[in-house]
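Written out below as structure tokens is the structure these notes cover.
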Amino acid sequence: MRKDDVDRIKIEYNRIRKLSEFDLDYGNLQEEFKSLVELAAHVAGTEVSLINLIDNHSQWSVSRYNADIFQMDREASICQYTIQTENLMEVPHLDQDERFSEHPFVKGEDGFRFYLGIPLKVQTGENIGALCVLDQEEKKVSAESKRLLELIADEIVKKLECKIKMDSLQDEFDKAIVQRNQLAHDVRGPVGGILGLAMSTENVTVDKEEFKSYMEMIKGSASKLLDLTDDILEREKALQKDNYFTLSEFKAHLEDLYALSAHNKEVNLQVAFNQTKDHQRFSRRKLLPIVGNLIANAVKFTPSKGEIKVNLDIVQDEEMTALRIEVSDNGKGIPKEKLQNITDIGLEDDRGTADEKGYGMGLSLVAEMVESIHGILNIESEEGRGTNIKIAIPLNLN
């Protein structure tokens with residue numbers, strides 16, 4: 001393999017891995033970036049602006065102004081070219097550019113004519129996506145406006161990097177949260193007893209006024225402590241809502257992200273879960289990029305009218321409690337030689353069943369992410385018959 005190809009492979013793999021490290025829920029970012037994406041359109045004087053993040057298979061428009069688009073195949077996007085540049089990319093006549101002239105959103109009287117995109121470059125140098133503006137009319141964006149758009153792109157990256165810093169702190173907070181909750185429960189019992197005693201003696205006739213005053217003080221202090229422990233527990237519930245899933249919530253997120261792409265290819269995507277374990281909450285850390293890559297791979301390599309089944313469960317044995325994820329399909333399967341070297345990174349011609357372009361990195365990335373959270377990955381596949389992938393991830397349940 002030529003050195004240029006090796007360098008290109010490393011750059012692209014590191015780019016996709018960096019995006020996965022952000023561990024983003026693409027469907028929940030619209031409001032967070034709404035003001036910035038709207039500002040970009042006003043600065044450029046365009047109808048539409050988008051914040052696009054690009055992974056191994058898809059472009060995700062995580063925040064949109066005046067547009068109704070969320071996901072498209074990566075190879076159908078314009079921003080896939082922008083992320084390969086160091087600076088902004090401007091296409092003043094999309095309908096005259098052979099790369100884009102036949103795209104559905106360019107063709108016809110209502111198609112876009114103008115595009116300008118700025119890479120979203122993180123501190124370590126990877127372009128994880130792009131801020132772009134589009135219009136149906138030809139536009140001339142001034143140098144000053146372009147500089148302002150670059151500043152908006154920088155602000156988007158800063159907000160994303162703040163999210164990953166908060167996530168890195170979350171692991172440290174988790175142990176403290178467990179200790180805090182245990183303290184709240186430990187305190188709540190005796191404090192409740194003190195309060196009960198005070199209330200039971202409240203109506204008892206006593207000889208000394210001082211004793212009654214003393215009991216009032218006990219009751220007041222106990223009530224405040226009880227309120228404090230309740231507040232601690234309520235704040236933990238709010239934290240769990242953002243950073244933890246139940247099985248049904250995990251199922252809903254996966255369907256929101258991938259049901260449309262499966263439907264567009266006429267592939268039947270079914271996500272099932274063990275309803276008897278739905279009361280248990282678990283950390284969502286890295287789950288969406290791991291399972292998302294598996295489902296996207298399955299959609300790519302499963303033909304029209306094919307089937308993909310995802311099963312979610314929580315299992316327990318003598319050694320550990322684990323989240324068990326199984327993704328199976330009846331697609332084209334994985335060649336034996338590739339299955340034996342699943343962690344090898346490559347950009348070989350790896351076309352999907354509808355001739356989708358492949359990047360040869362999805363399973364390698366999944367293997368790396370599963371290992372990083374101490375999970376177990378098992379892959380069984382047969383060419384022409386499909387693939388079955390099982391993952392077990394150890395859990396600390398909440």
Side-chain angles (χ1 to χ4, degrees), residues 12 16 26-27 52-61 67-80 99-108 111 250-273 288-312 325-339 342 346-366 377-391:
E12 178 61 11
I16 295 172
Y26 298 135
N52 294 324
L53 300 178
I54 301 176
D55 65 16
N56 196 30
H57 298 282
S58 301
Q59 171 179 285
W60 302 92
S61 297
D68 185 20
I69 184 171
F70 177 49
Q71 183 266 349
M72 70 165 58
D73 290 343
R74 171 178 171 163
E75 60 189 287
S77 73
I78 304 174
C79 287
Q80 65 165 321
R99 295 172 298 178
F100 314 119
S101 60
E102 294 302 312
H103 286 198
F105 54 85
V106 174
K107 294 173 66 176
F250 191 17
K251 163 187 160 71
H253 274 68
L254 293 175
E255 290 176 335
D256 286 345
L257 291 172
Y258 298 101
L260 181 59
S261 60
H263 174 77
N264 289 340
K265 197 176 176 181
E266 297 184 328
V267 171
N268 181 20
L269 172 63
Q270 302 176 28
V271 184
F273 67 97
L288 289 176
I290 287 173
V291 186
N293 266 285
L294 295 180
I295 295 176
N297 267 341
V299 171
K300 174 183 167 185
F301 293 115
T302 300
S304 176
K305 309 302 181 183
E307 188 174 74
I308 300 168
K309 293 183 179 180
V310 181
N311 190 63
L312 310 172
I325 303 163
E326 183 174 2
V327 180
S328 59
D329 65 68
N330 59 353
K332 62 188 293 187
I334 304 172
K336 286 185 178 180
E337 61 274 12
K338 185 174 180 181
L339 195 59
I342 203 68
L347 285 175
E348 67 275 7
D349 187 10
D350 196 14
R351 296 276 171 171
T353 55
D355 201 38
E356 305 100 316
K357 186 176 180 181
Y359 294 88
M361 296 183 177
L363 290 179
S364 300
L365 185 61
V366 167
L377 173 68
N378 181 63
I379 304 175
E380 296 178 354
S381 187
E382 184 178 346
E383 284 192 86
R385 296 183 65 87
T387 301
N388 179 271
I389 300 177
K390 295 179 181 178
I391 296 174

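The basis for the numbers below is simple: all heavy atoms, side chains too, and nothing from hydrogens, waters or symmetry mates. If you read the sequence from its start, that first residue is 1, and numbering goes on from there.
- Annotation: side chain to side chain donor-acceptor pair (under 3.5 Å) contacts of S328 (sequence neighbours excluded): none.
- Nearest heavy atoms, I295 versus I308: O-CD1, 4.4 Å.
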Which atom pairs, donor and acceptor, lie under 3.5 Å between side-chain atoms of residues 251-259 and protein residues at least two apart or in another chain?
| unit_1 | atom_1 | unit_2 | atom_2 | d |
| --- | --- | --- | --- | --- |
| K251 | NZ | E255 | OE2 | 2.7 |
| K251 | NZ | V271 | O | 2.8 |
| H253 | ND1 | E249 | O | 3.0 |
| H253 | NE2 | D25 | OD2 | 2.7 |

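- No donor-acceptor pair under 3.5 Å is formed between the side chain of R385 and the backbone N or O of G333.
- Residue R99 places its CZ atom among more than 12 non-hydrogen atoms of other residues, nucleotides or ligands, all under 6.0 Å distant.
- When all heavy atoms are compared, the tightest approach of N311 to F273 is OD1-N, 4.4 Å.
- Tested against N388, the residues K309, E326, E380 include a single side-chain hydrogen bond (donor to acceptor under 3.5 Å, both in side chains) partner, E326.
- Between Q71 and D73, some side-chain heavy-atom pair lies under the 4.5 Å cut-off.
- C79 has its side chain within reach of I54: a pair of non-hydrogen atoms, C-beta onward, lies under 4.5 Å apart.
- A donor atom on one side chain and an acceptor atom on the other are not found under 3.5 Å apart for Q80 and Q59.
- Contact record, F70 with Y26: CE1-O, 3.6 Å, taken as the closest heavy-atom pair.
- Taking F100 as the reference, Y81, H103 meet the ring-ring contact (aromatic ring centres under 6.0 Å, His included) condition, with sequence neighbours excluded.
- Without hydrogens or angle criteria, N378 side chain to K390 main chain gives no donor-acceptor distance under 3.5 Å.
- The CG atom of L377 sits 5.5 Å away from atom CD1 of I391, with the distance rounded to the nearest 0.5 Å.
- Considering every non-hydrogen atom in both A262 and L269, the closest pair reads CB-CB, 3.9 Å.
- Within the 4.5 Å cutoff, the side chain of I334 has heavy atoms near those of the L363 side chain.
- Smallest separation of non-hydrogen atoms from T387 and S381: OG1-OG, 2.8 Å.
- Judged by distance alone, the side chain of E383 and the main-chain N or O of P335 form no donor-acceptor pair under 3.5 Å.
- Looking at N297 and H57, their side chains do bring a donor and an acceptor atom within 3.5 Å of each other.
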Exercise for the section: Report the C-alpha distance between V291 and L312 in whole Å, list the side-chain angles of each, state the deciding distance to 0.1 Å, and finish with yes or no for side chain to side chain contact (heavy atoms under 4.5 Å, CB included). Expected result: CA-CA 11 Å; V291 186; L312 310 172; 5.5 Å; no
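- Considering all non-hydrogen atoms of both residues, F105 and M72 come closest at CE2-CE, 4.2 Å.
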